Amino acid sequence: ERDRTRPEEEVYANEQSLTLLLKSLPVGESRQAVKFYTYRALDLFNYKTMKMFVHGDPKFQYIDENRYDAEFFFRFGLDSLNFYEYRAPIRPGWDLLNEVLIQFEELTAVKQGRDSINRISDPIPVTGGPPGSFYRVLGNPSLTRVVYLAVGVENPAGKGSGQPLVGEVWVN
């Protein structure tokens, strides 16, 4: 991306990814990187979509949406008890099906359609998303006050090799 604060110069930002290193992640467990905005909340109300790219370690197996080694999740909201969540299987490499495209209109529909704010909603498949991708909502998050962001990887029970997960996941 070009730095537009210096229009007289051709300065480009470094392309960098968040790297999650997994060293023997047990089956059924997850690890995440979390960021809190403490001074000013993000207001995402006027946005329609959020886009990310995920790179799965070449050692990760992906057979179909029911059999795979690793699962990516992205949570955002007020805190760890009030958030929107996107979740999908991780495929090896920069696979196009690892592209994350979150539609805020769909997320708010999930929030409105659930039966209780005290538990995580049932998974709702992402319209036009990769096979196995879904949204969930916990608590009472708001798109106008996002202070909690979490990016993580889970070694899902009953879906993969049944072995501890070792490898890297990159998120842009």
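The structure displayed is predicted, hence computed values, not measured ones.
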Hey, what do you get for CD (E71) to CD (E154), rounding to the nearest 0.5 Å?
5.5 Å
Can I120 be reached from V34 by stepping across I, L, V, M, F, W or Y side chains whose heavy atoms are under 4.5 Å apart?
yes
Counting heavy atoms not belonging to R31, are there more than 12 under 6.0 Å from its CZ?
yes
Work out which heavy atom in A33 is nearest to a heavy atom in L18; give both atom names and the distance.
CB-CD2, 4.1 Å
Shared ILVMFWY cluster between Y148 and L107, side chains joined below 4.5 angstrom?
no
Could you list the residues that satisfy salt bridge (charged side-chain N to carboxylate O under 4.0 Å, His left out) with E65, not counting sequence neighbours?
none
Kindly indicate, with the supporting measurements, whether the criterion ring pair (Phe, Tyr, Trp, His ring centres under 6.0 Å) is fulfilled by F74 and F76.
CA-CA 7 Å; F74 177 63; F76 60 100; 5.3 Å; yes
4.5 Å side-chain heavy-atom contact, D95 and Y62
no
Quick one: are Y68 and I90 in side-chain contact, heavy atoms under 4.5 Å?
no
Of V169, L21, D69, the one forming a side chain to side chain contact (heavy atoms under 4.5 Å, CB included) with V153 is V169
Could you tell me whether the side chain of Y135 and the main chain of Q103 form a donor-acceptor pair under 3.5 Å?
yes
Can any side-chain N or O of N98 pair as donor or acceptor with the backbone N or O of R91 at less than 3.5 Å?
yes
For the backbone of V137 and the side chain of K111, can you confirm whether one donor and one acceptor N or O come within less than 3.5 Å of each other?
no
Report the distance from atom CZ of F83 to atom CG of N140, rounding to the nearest 0.5 Å.
13.0 Å
Transitive ILVMFWY side-chain link F60 to V100, under 4.5 Å
yes
What heavy-atom pair brings E99 and Y86 nearest, and what distance separates the two atoms?
O-OH, 4.0 Å
dist E29:CD -> L22:CG (nearest 0.5 Å) comes out at 12.0 Å
Where is the tightest heavy-atom contact between G139 and N82, given as atom of each residue plus distance?
CA-OD1, 3.4 Å
Where the side chain of N155 meets the backbone of Q163, is there a donor-acceptor pair that is under 3.5 Å apart?
yes
Compare all side-chain heavy atoms of Y84 with those of L143 and state whether any distance is below 4.5 angstrom.
yes
Rounded to the nearest 0.5 Å, the CZ atom of R75 sits from the CG atom of L138 at a distance of 8.5 Å
For residues 122-133, which side-chain donor-acceptor pairs fall under 3.5 Å, sequence neighbours excluded?
unit_1	atom_1	unit_2	atom_2	d
T127	OG1	E106	OE2	3.3
S133	OG	P130	O	2.7

For V146 and S142, work out which heavy atoms get closest and say how close.
CG2-O, 3.6 Å
For the CG atom of L149 and the CD atom of Q32, what is their distance to the nearest 0.5 Å?
11.0 Å
Could you pull out every donor-acceptor pair under 3.5 Å between side chains of residues 39-59 and any protein atom, sequence neighbours left out?
unit_1	atom_1	unit_2	atom_2	d
D43	OD1	F45	N	3.0
D57	OD1	K59	N	2.9
D57	OD2	E168	N	2.9

